[in-house]
Protein chains: 4
Amino acid sequence: MVRPGPTGAPRGRPRSERVRVAVLDAAADLLVEGGMSAATIEGIAARAGVSKATIYKWWPTRGHVALDSFFTRTRDTIAVDPDASLSDSLTVQLQALCALFRDTASGRLMRELAAFAQNDPDVRDALEEHWLRPRRAVAMRLVTEAAERGELRADIDVEAVVDQLFAPVYHRLLFGHAPLREGLAAALVGQLLTGLRPRN
Amino acid sequence: MVRPGPTGAPRGRPRSERVRVAVLDAAADLLVEGGMSAATIEGIAARAGVSKATIYKWWPTRGHVALDSFFTRTRDTIAVDPDASLSDSLTVQLQALCALFRDTASGRLMRELAAFAQNDPDVRDALEEHWLRPRRAVAMRLVTEAAERGELRADIDVEAVVDQLFAPVYHRLLFGHAPLREGLAAALVGQLLTGLRPRN
Amino acid sequence: MVRPGPTGAPRGRPRSERVRVAVLDAAADLLVEGGMSAATIEGIAARAGVSKATIYKWWPTRGHVALDSFFTRTRDTIAVDPDASLSDSLTVQLQALCALFRDTASGRLMRELAAFAQNDPDVRDALEEHWLRPRRAVAMRLVTEAAERGELRADIDVEAVVDQLFAPVYHRLLFGHAPLREGLAAALVGQLLTGLRPRN
Amino acid sequence: MVRPGPTGAPRGRPRSERVRVAVLDAAADLLVEGGMSAATIEGIAARAGVSKATIYKWWPTRGHVALDSFFTRTRDTIAVDPDASLSDSLTVQLQALCALFRDTASGRLMRELAAFAQNDPDVRDALEEHWLRPRRAVAMRLVTEAAERGELRADIDVEAVVDQLFAPVYHRLLFGHAPLREGLAAALVGQLLTGLRPRN
DNA sequence: TCTTAAACGAGACGGTACGTCTAGTCTTCTA
DNA sequence: TAGAAGACTAGACGTACCGTCTCGTTTAAGA
């Protein structure tokens with residue numbers, strides 16, 4: 001009788017944690033050093049000291065490996081101080097994102113992932129679901145609640161608002177036309193909340 | 001000795017215009033159909049009825065071919081009505097961009113180019129210089145002049161302002177988290193100029 | 001400590017006869033259906049419902065599995081009628097061999113084994129020792145005794161004689177240039193004993 | 001007008017003779033050193049300093065490469081002295097074959113080819129057509145003509161006769177149960193022509 | 001008209017990585 | 001302890017493009 005039952009241990013040799021870590025590490029290193037074009041399955045396998053077949057067993061494409069290594073490397077918490085003002089909360093969020101992309105390897109990783117996502121709907125979806133959406137959701141909630149409290153106008157397009165805060169960061173990361181400089185987060189939040197017109 | 005002289009035409013068989021057009025057409029078609037991964041040099045050459053060597057002779061990488069075909073296919077004028085208000089001018093600009101990306105093949109082309117640019121600084125620079133910069137420059141001029149006229153606050157970060165207008169469009173194009181819907185342009189301009197807070 | 005003692009049964013779970021049979025059956029079937037290239041260890045294990053490791057435990061290479069399955073499947077007795085003439089005895093032997101190779105799966109198995117043997121000295125030796133040698137030995141004894149009785153010339157090369165009887169069968173099996181037809185055995189024996197020259 | 005005509009020069013870069021020779025040489029070397037299992041396409045490509053794709057372009061399987069290299073390496077003429085006796089002619093033939101297999105690398109090559117042929121009908125056919133058949137044909141003609149001259153009995157099976165001469169050589173080559181010693185050819189021919197029974 | 005030189009098509013070639021396959025080995029749990 | 005399950009390394013498979021190369025063939029301007 002087979003039936004291992006709901007709590008039954010899986011049959012056979014268990015998956016090696018060593019392998020998982022080695023692959024993700026190797027992938028992240030290669031991505032940071034030379035981008036997606038350097039992060040070939042062959043290269044990752046060699047660097048990780050792991051067989052190609054093993055990689056293919058656990059990840060369908062190198063895009064998924066890259067995704068996994070990004071999430072493993074990127075420990076970015078979305079903590080919100082409940083007592084902070086809307087303006088402060090949003091600024092802190094954006095500052096953290098800018099710092100992450102500017103000061104750590106995650107910037108390079110995100111660029112490569114964004115590029116890869118254009119050719120792999122799976123990666124695009126995963127990126128949207130596990131990275132963009134949670135961050136946008138927090139911001140959208142803050143904005144919505146502020147609107148409900150009467151702090152913001154009632155007729156705003158919340159999706160568009162969140163884009164006007166986050167998109168500039170990704171845009172600069174991807175096209176490099178301007179730096180992710182220190183004061184950017186504050187400027188984005190300030191200009192959008194207050195508006196560009198003089199207050200009369 | 002070569003010396004074609006100042007007015008002298010170049011010796012030898014002149015470059016075939018037919019080839020140039022066929023290559024750019026084939027490249028654009030392939031890009032639209034299957035993205036960068038389908039637009040191989042081999043594929044472009046076959047589809048264009050042109051020799052691989054000829055393509056390499058005129059374009060250093062397929063990124064450059066893609067760039068060229070994008071610019072050839074994309075007829076997007078940046079006309080500005082001098083009598084229009086700042087708000088209208090910006091809205092018209094953004095609406096045109098949204099329509100271009102939403103309704104024509106240029107959206108797909110831009111996505112592929114943006115992706116490719118992450119791995120090819122040449123393409124990134126060319127994209128920045130010949131596409132992003134001119135459009136940003138127009139918007140920056142409009143904003144700066146409005147500020148000088150006193151229509152806008154004096155302490156705004158013009159670069160950031162332009163990003164808050166344009167970046168959301170590219171962000172949605174690349175990540176697909178929200179559509180480039182009709183009213184987006186107006187919302188972006190309206191929210192940013194007026195601010196999110198209630199006026200009174 | 002192992003020590004099963006002189007009459008002692010071996011410790012632990014005894015080897016499963018079911019496994020042995022299943023493996024040899026599966027191997028023979030696969031060999032007949034698709035030759036050595038189809039009879040992979042993986043395939044045999046799958047078909048026999050047996051673990052790969054178990055096969056490796058009992059047979060060093062798949063050549064040995066094939067050998068075993070050949071000997072299991074091939075029930076070919078080398079019975080000699082002591083009253084029969086030399087000519088009849090040899091003819092019967094050869095006819096049996098031809099029939100075995102022509103009418104049963106053993107022909108295909110032998111072809112595959114002969115091929116495999118070229119790359120595996122172990123298999124070659126085993127084939128020689130357990131298959132070729134016993135059959136050759138019988139024939140050599142018959143020929144030698146006939147020579148001693150004066151029925152045959154004294155200066156013959158017995159090894160070569162046996163080759164001239166058996167080799168044609170294997171040659172046709174392996175190269176297929178001519179069929180193992182009914183009268184072949186008689187022709188081989190007749191021509192060799194009598195000689196090709198007219199008896200005048 | 002294009003039409004190069006029947007004698008028209010082929011378009012494009014001409015096939016490199018250097019490559020052809022290097023591949024066949026490398027293949028023959030590897031075959032002799034380690035047999036078919038060592039003569040991988042990968043190995044041949046590396047040793048020949050040639051791309052794998054190039055090999056695949058000109059030879060469908062490594063079996064064909066092996067065949068080609070065998071025929072290139074093996075310069076074995078089937079010359080027949082018209083004034084020699086039947087016995088001498090056949091003996092010379094067989095001696096040459098024994099010497100070829102015993103003293104040159106062709107023996108090893110033939111063994112590997114014979115093995116490979118069991119799993120590749122193409123190779124088997126090619127071997128039969130370009131190697132076995134021409135040699136058998138010569139022997140069959142000699143035997144047939146001798147029969148017509150009345151030197152041999154009229155009722156012999158010529159195919160079987162030729163097998164009784166050649167098969168022992170291949171049999172010993174493949175199974176190694178006895179050496180291809182010097183006097184073998186003479187023994188085979190002598191015993192068969194004269195018969196084994198005492199002449200009296 | 002003839003020469004000359006570059007453009008061009010065809011396709012061979014050395015590479016690199018792909019994704020798949022099988023051989024064997026190793027590790028864990030079950031009978 | 002035998003055996004099942006299956007993870008794992010090693011390495012060849014055949015394919016697809018890459019970018020370079022060597023040919024022969026066109027095409028037009030200049031001699």
Side-chain angles (χ1 to χ4, degrees), chain A residues 1-2 4 8-16 18-20 37 39-46 49-58 60-62, chain B residues 2 4-5 8-16 18-19 37 40-46 48-58 60-62, chain C residues 2 10-16 18-19 37 40-43 45 49-58 60-62, chain D residues 1-2 4 8-16 18-19 37-46 48-58 60-62:
Chain A
M1 199 200 285
V2 177
R11 310 287 304 270
R13 179 178 176 176
R15 177 173 176 185
S16 161
R18 195 212 100 229
V19 162
R20 202 186 64 83
S37 64
T40 64
I41 294 276
E42 209 116 304
I44 295 169
V50 149
S51 168
K52 272 202 300 175
T54 303
I55 299 183
Y56 280 112
K57 175 153 210 176
W58 300 111
T61 74
R62 65 200 180 121
Chain B
V2 177
R11 305 287 306 271
R13 177 177 177 177
R15 177 173 177 186
S16 160
R18 197 212 97 230
V19 162
S37 65
T40 64
I41 293 277
E42 209 113 305
I44 295 170
V50 149
S51 167
K52 273 201 301 175
T54 303
I55 298 182
Y56 281 112
K57 177 155 210 176
W58 300 110
T61 73
R62 65 194 180 127
Chain C
V2 176
R11 306 283 304 274
R13 178 175 173 178
R15 176 172 177 187
S16 159
R18 197 212 97 227
V19 163
S37 64
T40 64
I41 293 277
E42 208 111 306
V50 150
S51 167
K52 274 202 300 176
T54 304
I55 299 182
Y56 281 113
K57 179 155 209 177
W58 300 109
T61 74
R62 64 196 180 127
Chain D
M1 200 201 285
V2 177
R11 311 288 304 270
R13 179 175 175 175
R15 177 172 176 186
S16 161
R18 196 212 97 229
V19 162
S37 64
T40 64
I41 293 276
E42 207 115 306
I44 295 169
V50 149
S51 167
K52 272 202 303 175
T54 303
I55 299 182
Y56 281 113
K57 176 155 212 176
W58 300 110
T61 72
R62 66 200 180 120

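Here is the naming used below: chain letters follow the sequence lines, and residue numbers restart at 1 for every chain. Any value given below was found using the heavy atoms of this structure, including those in side chains, with hydrogens, waters and symmetry copies removed. In this text the structure is predicted, and so the values were computed from the model without any measurement.
Contacts of Lys57(C) with the nucleic acid, taken as non-hydrogen atoms under 4.0 Å apart, involve only primed sugar atoms and P, OP1 or OP2. Gly43(D) comes within 4.0 angstrom of nothing in the nucleic acid, heavy atoms only. Thr54(A) comes within 4.0 angstrom of a base, heavy atoms only. Residue Ala45(B) is out of contact with every strand shown, counting any heavy-atom pair closer than 4.0 Å.
Judged by atom type and distance alone, Ser51(D) reaches the base of dG15(E) through a side-chain donor-acceptor pair under 3.5 Å. For dG14(E), its base never sits under 3.5 Å from the side chain of Lys52(D) at any donor and acceptor pair.
Each of Ala53(A) and Trp58(B) has a nearest nucleotide on DNA chain E; the 5'-most of these lies closest to Trp58(B). Comparing Ala39(D) and Pro14(D) by the nucleotide of DNA chain F whose heavy atom lies nearest to each, the residue mapping closer to the 5' end is Ala39(D). Along DNA chain E, the nucleotide nearest to Thr61(A) and the one nearest to Arg18(D) differ in position, and the one closer to the 5' end is contacted by Arg18(D).
In this structure, the nucleotide among dC8(F), dA5(F), dA23(E) sitting nearest to the side chain of Arg11(A) is dA5(F).
You'll find the side chain of Ile55(C) stays beyond 4.5 Å of the side chain of Arg62(C), heavy atoms only.
Scanning all heavy atoms of the two residues, the minimum distance from Gly49(D) to Arg18(D) falls at O-NH2, 3.5 Å.
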